[in-house]
Amino acid sequence: MAPSAPRTRAAAALRMKQIALDKQDRTIRRLRAQLATERLGLAATKKELKETQVALEASHKVIAGLTEIGLSMSKKIEKMKVKKKLVKENHVECHQKFQARIHEAEDSMQAQHLLIEALVDEKDSLLQTIHDLQEANNAPAPFDGDWEEEPEEEPEEIEDIPLGEGEIDYE
């Protein structure tokens, strides 16, 4: 039995080495499977990173576009404010000119009214003088004395239009 013991030992040692190699082989396969899984995970992560980067770049472009639109709108709003101010100033100026014309027309109407009153008084005076002369000369009166005087018309008063009323909406 002695000769089989070394063989048995050698066989056992070989068997142990074979078991160790099988175990290492399983470990290597398991590690390769883990490595393949990790590589797939890494590839998926890289893909997600790339998609995130593309989305981020698109977001930056959108933000830049919105910022540009915002700046453009701000400029337009400022222009509109300036235009509104100019329109308001023009409106006030026109209002003042219109008021000045109204006052001129009122003054002219008052002057005409005074002139008409003076002419009516002069007419009455002339008619009275004619009447007195006719009586002094015993001449028949050309007028029967029943003429109608025209009723005096009251001038229409034009009201001032106060500033602030009648705002015009230019939008």
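- Leu86 forms part of a hydrophobic cluster together with Val82, judged by ILVMFWY side-chain heavy-atom separations under 4.5 Å.
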| task | Start with the C-alpha distance between His113 and Met109, add both sets of side-chain angles, then the distance that settles side chain to side chain contact (heavy atoms under 4.5 Å, CB included), and finish with yes or no. | result | CA-CA 6 Å; His113 183 68; Met109 286 173 52; over 6 Å; no

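- Between the side chains of His95 and Gln99, no donor-acceptor pair is found at a separation under 3.5 Å.
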| request: Test Glu78 against Lys81 for side chain to side chain contact (heavy atoms under 4.5 Å, CB included), laying out the working first. | output: CA-CA 5 Å; Glu78 286 302 316; Lys81 284 180 181 178; 3.9 Å; yes

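- No side-chain donor-acceptor contact under 3.5 Å links Ser72 to the backbone of Glu68.
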| request: Check step by step if side chain to side chain contact (heavy atoms under 4.5 Å, CB included) holds for Val120 and Ile116. | output: CA-CA 6 Å; Val120 167; Ile116 290 170; 4.2 Å; yes

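- Checking Gln128 against Asp124 by side-chain atom types alone, no donor-acceptor pair falls below 3.5 Å.
- Glu135 and His131 form a side-chain donor-acceptor contact under 3.5 Å, judged by distance and modelled atom types alone.
- Remark: Glu57 does not engage Lys61 in a salt bridge, criterion side-chain N to carboxylate O under 4.0 Å.
- In this structure, Leu42 and Glu38 have side chains that are not in contact, with every pair of non-hydrogen atoms separated by 4.5 Å or more.
- A distance of 11.0 Å separates CD of Gln110 from CD of Glu117, quoted to the nearest 0.5 Å.
- Of the inter-residue distances, the one linking Arg26 atom CZ with Leu21 atom CG reads 11.0 Å to the nearest 0.5 angstrom.
- Note that the CG atom of Asp25 and the CD atom of Gln18 stand 9.5 Å from one another [nearest 0.5 Å].
- Rounding to the nearest 0.5 angstrom, the gap separating the CE atom in Met16 from the CG atom in Leu14 is 11.5 Å.
- In this structure, Lys83 NZ and Asn90 CG are separated by 12.0 Å, a value rounded to the nearest 0.5 Å.
- Of the possible donor and acceptor atoms, none in the side chain of Ser108 sits under 3.5 Å from a partner among the backbone N and O of Glu104.
- Atom CZ of Arg30 has more than 12 heavy atoms from other residues, nucleotides or ligands within 6.0 Å.
- From Ile130, atom CD1 reaches atom NZ of Lys123 across 11.0 Å, with rounding to the nearest 0.5 Å.
- Here the side chain of Thr27 pairs a donor or acceptor atom with the backbone of Lys23 at under 3.5 angstrom.
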